[in-house]
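All figures in this text were calculated on a predicted structure; none of them were measured in a lab.
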Amino acid sequence: MARSDLEHDGGTPDEEVRRRAALGEFLRRRRERVAPETVGIARGTRRRTPGLRREEVAQLSGIGVAWYTWLEQGRRINPSVQVLDAVARTLLLDETERNHLYRLAAVPSVPEKAVPASPQPPEYRTILEALAPLPATIVTARYDVLAFNDAYAALDPGLVLVPPQERNVLHHLFTAPEHVQPLVEWEREVSFMVAQLRAAFGRRLGDREWTRFIDGLCAASPRFAALWGRHEVASSEARRKSFWSVDGDELHLVASGFAVAAAPDTKLWIYTPDDQDTTRLIDALVRRYRKAGAAELLRLGARSGRAGGPPRDA
C-alpha cells in the first residue's frame, strides 16, 4: 500500500470520528443512488441492495473490496486523491459532490472559504436599500440573516418578527407556523437549501458552532433531520421561486446569489419579479409594510389574519 494511503490523524479525536462517519454515510447514500444499469451491470432478479453493492463500487473503481468497505465504515484510513477520483467517477458524482467528498476525506484539494471578521458593515444597509423595490437580503453560508431591505421584509414578514440574533432562514422555514410560511413549493426549496447547507458543513466539520446549530435544528424539526440524513449536497444557483403573499397571492421571482468579495462566506440574494403581477403585488406589499409594520401586515393579511384583508393596492 502506498505511503499516501496510510492512516493519519487530523484535528481532535472527536472531529476525526465525525468526519469519518460523515464520509462513510455520504458514500453509502451515493452508492445506493446509482442504478446498476447506468454503469453496465445487469440488475438481475435476486438483487435486494438499492443501487450498487460495495464490491461493485470497489471493482469499478479499481480498488480492493476491503479498502472500500473500510472507507464506508469510517475506518482510520487516508485515501489518496487517485482513489477518491476513481470512486467519484464510479458513483457519478457531480462537481459539488466531488468537492464535498474531498473535504470529508480531508484531502486539501478544495480551498476553504474565509469566515468574515466583520459580518455586517454599515454599507450593507446602503446597498440593500438602493436595490429597492427588489427584495434583497444578505445571509451567511448557514443562512443566518445579517440584513435585508423593506421589500424582503414585505415578502417574508414572519422572519422580521424573529429577534435579530435568532434570524435564520432555515430555522424559520422548519419551525414557523404554516400561516407564516412564505414558500409555495416548500419541500422542493427546503430540500435544495439543506443540500447547500450540507455542502457548506463539509468544510466545517470541526466547527462547534455549526455542529450545535445542526444538532439543534435536528432536535427542533424531524423533517429537517430526515432531509439532513440524506447527505445530499448542492451548490448555489439562480432559481425561480414562488412565495405566498400575506393575502395568499403567488409571487413569482428569480433568486440570484452574489458572493460578497470582502466576506466570501456571505452572499447577497436578490429576488427579481418574474412577471408584471408580481411586480405590482410587491410594490403594494412594501407600501403596506412601511405603513403598518410586519406584525400588522400578517394580522391583516387574508392568508394569516382577517378574511378579505385590506385592498390589494392600498
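Tested against Leu285 for a side-chain contact (heavy atoms from CB on, under 4.5 Å), the candidates Asp150, Asp249, Val246, Leu155 yield a single pass: Val246.
Hydrophobic cluster membership is shared by Val81 and Leu27, with clusters built from Ile, Leu, Val, Met, Phe, Trp and Tyr side chains linked at under 4.5 angstrom. Hydrophobic cluster membership is shared by Leu159 and Leu217, with clusters built from Ile, Leu, Val, Met, Phe, Trp and Tyr side chains linked at under 4.5 angstrom.
By the neighbour-count criterion of 12 heavy atoms within 6.0 Å, atom CZ of Arg18 is densely surrounded, having more than that number from other residues, nucleotides or ligands. Counting heavy-atom neighbours within 6.0 Å of Glu95 CD, excluding the residue itself, gives a total of 12 or less. The neighbour count for Gln276 CD, taken as heavy atoms of other residues, nucleotides or ligands under 6.0 Å away, does not exceed 12.
Looking at heavy atoms from C-beta onward, Glu56 lies in side-chain contact with Ile41 at the 4.5 angstrom threshold.
We find that Glu15 and Arg204 are not joined by a salt bridge, their nearest charged nitrogen and carboxylate oxygen being 4.0 Å or further apart.
In this structure, the ring-ring contact (aromatic ring centres under 6.0 Å, His included) partners of Tyr271, at least two apart in sequence or on a different chain, are Tyr152, Phe243.
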Next on the checklist: Phe148 vs Trp269, test: ring-ring contact (aromatic ring centres under 6.0 Å, His included). Steps then yes/no.
Outcome noted: CA-CA 9 Å; Phe148 50 84; Trp269 284 96; over 10 Å; no
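Atom NE2 of His252 and atom OG of Ser242 lie 5.0 Å apart (nearest 0.5 Å).
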Pairs of donor and acceptor atoms involving the side chains of residues 192-202, under 3.5 Å and at least two apart or interchain, shall be tabulated with distances.
residue	atom	partner	partner atom	Å
Gln196	OE1	Tyr143	OH	2.4
Gln196	NE2	Ser236	OG	2.9
Arg198	NH2	Trp228	O	2.8
Arg198	NH2	His231	NE2	3.4

